[in-house]
Chemist: 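Would you mind keeping the following structure in view while I ask a few things?
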Amino acid sequence: MVKVLFVCLGNICRSPTAEGVFTNMVQLSKLGDRIQADSAGTHAYHIGEAPDGRAQEAARNRGIELGKLKGRQALAKDITEFDYVLAMDHENVENLLRICPEGYESRINLFLSYANGLENEEVPDPYFGGSSGFDHVLDMIEEASTGLLNEIRGKYNI
Ligand code: 4NP
């Protein structure tokens, strides 16, 4: 099983959206028995909460249901357990490196490093903005998810 963890700050906006979008793509590709995704936040503010209502609505408009997801905090053991630990922005790369067990640093990368043309960019935090921010986040996440799935399929020959 190839395991992917998406990470943002609160685990209620960007990373659950990435988990939902990427999992949907994996299922459409019939690779659900080979690739597994999860998400977590580097802060503890929203542990146990469902994704933000605006994130749920924006995802639902694209046929993706996030309502059953629950916020949790990223742990050091996640970085040894997941093959890919993909942060939404540089702040969360830094937060992850602070808890990273020695020797596992290369598993931590920016999610958008897999997005064509957006390689050094961040998925902007939509929490304090309006609902259009959530659509912009979805566009970026769809692009990066396509690139990530292609990368995994090539690397593992699946
Ligand atoms: P996320 O968005 O990191 O995409 O889940 C945020 C959610 C909550 C907060 C910040 C960002 N907060 O400060 O509570």
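Remember, it's 1-based here, ligands and their atoms both numbered in the order they're listed.
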Chemist: For the side chain of Arg72 and the backbone of Ile47, is there at least one donor-acceptor N/O pair under 3.5 Å apart?
Modeler: no
Chemist: Go through the structure and list residues passing ring-ring contact (aromatic ring centres under 6.0 Å, His included) with Phe6, not counting sequence neighbours.
Modeler: Phe22, Phe111
Chemist: Could you tell me whether Arg60 and Glu65 make a salt bridge, using a distance below 4.0 angstrom between a side-chain N and a carboxylate O?
Modeler: yes
Chemist: Do NZ/NE/NH1/NH2 and the carboxylate oxygens of Asp139 and Arg62 come within less than 4.0 Å?
Modeler: yes
Chemist: Using a 3.5 Å distance criterion without hydrogens, assess whether the side chain of Arg14 forms a donor-acceptor pair with backbone atoms of Pro126.
Modeler: no
Chemist: Sort out the contact shell of ligand 1: every protein residue with a heavy-atom distance below 4.0 Å, listed by chain and number.
Modeler: Cys8, Leu9, Gly10, Asn11, Ile12, Cys13, Arg14, Tyr45, His46, Asp125, Tyr127, Phe128
Chemist: Taking the side chain as everything from C-beta on, heavy atoms only, tell me whether Thr146 gets closer than 4.5 Å to Met25.
Modeler: yes
